[in-house]
Amino acid sequence: MRLTRYFLPIIKETPSEAQIVSHRLMLRAGMIRQASAGIYSWLPLGYKVLRKIEEIVHQEQQAAGSIPVLMPTIQSADLWRQSGRYDDYGPEMLRIKDRHDRDMLYGPTNEEQITEIAAAGIRSYRDLPALLYHIQWKFRDEVRPRFGVMRGREFLMKDGYSFDIDKEGARHSYNRMFVSYLRTFERMGLKAVPMKADSGPIGGDMTHEFLILAETGESAVFLDRDLADLTLGDREIDWEDAAQLEGIVDQWTSSYARTDETHDAAVFEAQVSEERRVTARGIEVGHIFYFGSKYSEPLNAMVANAEGERVPLESGSYGIGVSRLAGAIIEASHDDNGIIWPEAVAPFEVAVINLKQGDEEADAACEDLYTKLTARGFDVIYDDRNERAGSKFATIDLIGVPWKLIVGPRGLKNGVVEMACRKTGEKQELAPDDAINRLADRFGRT
RNA sequence: CGGGCUAUAGCGCAGCUUGGUAGCGCGUUCGUCUGGGGGACGAAAGGUCGUAGGUUCAAAUCCUGCUAGCCCGACCA
């Protein structure tokens with residue numbers, strides 16, 4: 001993409017309404033524009049990031065055996081009356097009426113809908129397990145939306161649901177999602193830590209929140225350093241192997257990790273030696289829980305088991321705050337100059353900066369780099385504006401492009417361009433083609 | 001939902017106390033000089049002062065209602 005042809009309304013000064021860094025940077029980088037309280041338009045740059053996040057979630061969900069569907073945003077009140085939540089949900093649910101005066105609602109979540117779908121489509125235990133998910137906009141009429149996309153009223157969420165014949169099956173499904181979440185966040189360059197969540201009225205230990213560690217996080221977290229250092233890395237996962245999944249989940253849940261909600265200082269101190277105690281802040285980006293037959297019973301989602309008895313489906317639900325992640329990643333990764341995108345979600349992977357627009361050689365070298373990088377499959381932004389160098393650096397750093405190829409007459413005289421890393425600030429002079437090859441190696445592009 | 005605050009040009013703000021021609025910085029447009037980390041000079045465009053009403057010869061300014069947005073707290077992917 002040539003910057004002169006792109007739509008990138010960046011702003012120099014910080015809008016006054018934005019209090020936290022991700023919100024400020026998203027506005028300044030021209031990623032979003034507020035439509036009303038807690039409701040945002042996603043401008044090209046923001047939309048690109050959102051799509052990349054979404055794509056990673058899609059890939060990891062499907063790798064783990066979950067199947068994509070798409071349920072509507074507008075739902076009928078009927079199902080919610082059956083589950084009893086139409087009254088329970090309260091004013092956070094946006095209620096509307098259609099022209100026939102029927103009660104409708106803008107879905108805050110989809111348990112009822114998916115359970116209805118499962119009930120209609122699953123006839124026997126032989127159809128199980130079933131894991132379905134979608135990525136769809138939700139609306140929760142928050143009393144006080146704030147922090148930009150981190151707590152909007154309208155937000156994009158991946159919500160998945162599992163259906164099994166018994167608790168053992170449900171645990172396997174739960175573990176699939178647990179491991180899938182570890183992979184998903186790791187791929188996005190995030191350090192996400194699963195923490196035991198408040199299980200509420202259902203009880204049990206099958207509920208975890210995934211928090212990414214960021215100084216500006218909304219909740220205090222307490223964890224064992226061993227856990228903070230754990231990574232999945234390249235390990236092969238056999239999603240059908242319940243024992244392997246259980247082993248990984250055990251590995252991640254045996255160390256202490258809790259948010260301020262469930263934190264118990266005495267247990268923390270007893271279980272974790274002093275030098276391993278980490279107190280930090282985190283942002284919740286995922287939440288998984290097992291809820292048994294909470295919805296299948298009232299919605300009559302029954303299925304025949306091997307003995308021919310009709311039993312309620314065993315379910316769990318698994319959420320990832322997709323739009324929130326866009327903000328959360330920035331909270332976890334930025335500096336004074338702007339955003340520092342992890343490569344996997346960067347709106348552009350590499351920027352070509354022409355230091356002297358209009359200089360014949362510089363223009364030609366940039367065009368060549370731009371063409372070649374694009375041909376190699378890179379998402380590249382070419383800053384071809386007739387601006388001074390400083391302005392280009394400021395813009396490219398603000399929008400967080402991981403790699404810069406800096407092209408100017410001086411370097412070209414020696415046959416080199418400069419390759420600079422946004423994250424580390426490291427710079428290196430290379431022949432243009434070597435720079436391309438270096439990037440191709442790094443990104444695994446042939 | 002309790003408490004606090006704001007609304008004037010795309011963004012950040014001043015003007016309001018004491019009513020009288022709507023201003024500044026950034027950004028934008030044009031020109032010239034420039035050109036390796038938000039450059040300089042010159043010129044220009046851009047505002048029903050959130051909205052409805054009231055007081056007044058006269059309202060951005062005073063009064064009343066309404067609306068929208070923000071912050072702290074309680075609640076949440």
Side-chain angles (χ1 to χ4, degrees), chain A residues 9-20 23-24 27-28 30 33-39 53 57 89-93 107-110 135-160 181 192 197-198 200 207-212 218-219 259 261 282-289 317-328 336-338 353-359 362 383 385-398 404 406-414 416-418 420 422 425 427 429:
Chain A
I10 60 165
I11 45 181
K12 258 182 163 176
E13 283 170 275
T14 301
S16 61
E17 79 264 18
Q19 295 300 309
I20 62 163
H23 191 192
R24 282 204 298 269
L27 291 169
R28 288 196 50 210
R33 179 164 176 82
Q34 182 165 4
S36 65
I39 302 179
I53 294 170
V57 174
Y89 219 94
E92 239 185 45
M93 182 150 78
T109 176
N110 294 72
I135 297 180
Q136 178 62 292
W137 292 92
K138 307 285 187 287
F139 194 93
R140 294 184 192 170
D141 201 356
E142 295 275 348
V143 192
R144 190 182 160 213
R146 61 182 132 171
F147 304 149
V149 300
M150 300 266 286
R151 171 127 19 117
R153 292 194 292 170
E154 187 183 53
F155 57 98
L156 188 62
M157 178 174 166
K158 187 285 292 185
D159 45 323
Y181 277 31
D198 188 359
T207 175
H208 287 88
E209 296 175 341
F210 287 74
L211 288 97
I212 68 173
E218 52 197 333
S219 24
T259 67
E261 269 180 27
I283 301 165
E284 186 183 349
V285 290
H287 194 165
I288 60 177
F289 56 95
S317 107
Y318 315 93
I320 291 178
V322 174
S323 50
R324 167 178 283 193
L325 269 168
D336 290 345
N337 293 327
I353 294 186
N354 190 343
L355 291 175
K356 192 167 183 182
Q357 206 71 42
D359 177 276
D383 193 343
R385 296 173 303 166
N386 190 17
E387 289 286 328
R388 295 173 70 89
S391 162
K392 294 190 179 187
F393 285 121
T395 299
I396 296 300
D397 286 348
L398 172 65
K404 290 186 281 284
I406 304 160
V407 181
R410 279 185 216 168
L412 289 176
K413 220 167 276 172
N414 302 318
V416 296
V417 298
E418 194 169 61
R422 175 72 178 86
K427 295 175 188 171
E429 296 199 326

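Throughout, protein chains are lettered first and strands after them, A, B, ... in sequence-line order, and every chain is numbered starting at 1.
Checked against side-chain contact (heavy atoms from CB on, under 4.5 Å), A:Glu92 has the following partners two or more places apart in sequence or in another chain: A:Tyr89, A:Arg140, A:Glu142. Scanning for side-chain hydrogen bond (donor to acceptor under 3.5 Å, both in side chains) contacts around A:Thr109 gives A:Glu111, with sequence neighbours left out. With sequence neighbours excluded, the residues satisfying side-chain hydrogen bond (donor to acceptor under 3.5 Å, both in side chains) with A:Arg153 are A:Asp141. In this structure A:Lys158 satisfies the salt bridge (Lys or Arg N to Asp or Glu O under 4.0 Å) test with no other residue, sequence neighbours excluded. With sequence neighbours excluded, the residues forming a salt bridge (Lys or Arg N to Asp or Glu O under 4.0 Å) with A:Arg385 are A:Asp383, listed by chain and number. Every residue two or more places apart in sequence or in another chain that forms a side-chain contact (heavy atoms from CB on, under 4.5 Å) with A:Ile20 is listed here: A:Ser22, A:His23, A:Phe147, A:Met150, A:Glu331. A search for ring-ring contact (aromatic ring centres under 6.0 Å, His included) contacts involving A:Phe393 returns nothing, not counting sequence neighbours. Every residue two or more places apart in sequence or in another chain that forms a salt bridge (Lys or Arg N to Asp or Glu O under 4.0 Å) with A:Lys138 is listed here: A:Asp159. Listed by chain and number, the residues in a salt bridge (Lys or Arg N to Asp or Glu O under 4.0 Å) with A:Arg151 are A:Glu218 (sequence neighbours excluded).
Across every non-hydrogen atom of A:Gly282 and A:Leu211, the tightest pair is C-CD2, 3.7 Å.
The side chain of A:Gln34 contributes an N or O atom lying less than 4.0 Å from OP1 or OP2 of B:C70.
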In B/S/- notation (B base, S sugar-phosphate only, - none; protein heavy atoms under 4.0 Å), nucleotides 2-14 of chain B written 5' to 3' is ---------BSS-

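For B:G35, the base has no donor-acceptor partner in the side chain of A:Asp359 [N/O atoms by modelled type, under 3.5 angstrom].
Within the nucleic acid shown, A:Ser36 comes within 4.0 Å of sugar-phosphate atoms alone, with no base atom in reach, counting heavy atoms only. Among the atoms of the strands shown, none is found under 4.0 Å from any heavy atom of A:Ile288. If you check every strand for non-hydrogen atoms under 4.0 Å, A:Gly411 touches a base.
Checking B:G38, B:G37, B:C71 against every side-chain atom of A:Lys12, the shortest atom distance belongs to B:G38.
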Identify the pairs formed between an N or O of the protein and an N or O of nucleotides 75-77 of chain B at a distance under 3.5 Å, and give each distance.
from	atom 1	to	atom 2	distance (Å)
B:C75	N3	A:Arg151	NH1	3.3
B:C75	N4	A:Arg146	NH2	3.0
B:C75	N4	A:Arg151	NH1	3.4
B:C76	O2	A:Arg151	NE	3.1
B:C76	N3	A:Arg151	NE	3.4
B:C76	N3	A:Arg151	NH2	2.8
B:C76	N4	A:Arg151	NH2	3.2
B:A77	O3'	A:Glu284	OE1	3.3
B:A77	O3'	A:Glu284	OE2	2.4
B:A77	N6	A:Gly152	O	2.8

Polar atom pairs between nucleotides 28-34 of chain B and protein, under 3.5 Å, N or O only, would you list them?
from	atom 1	to	atom 2	distance (Å)
B:U34	O2	A:Arg388	NH1	2.7

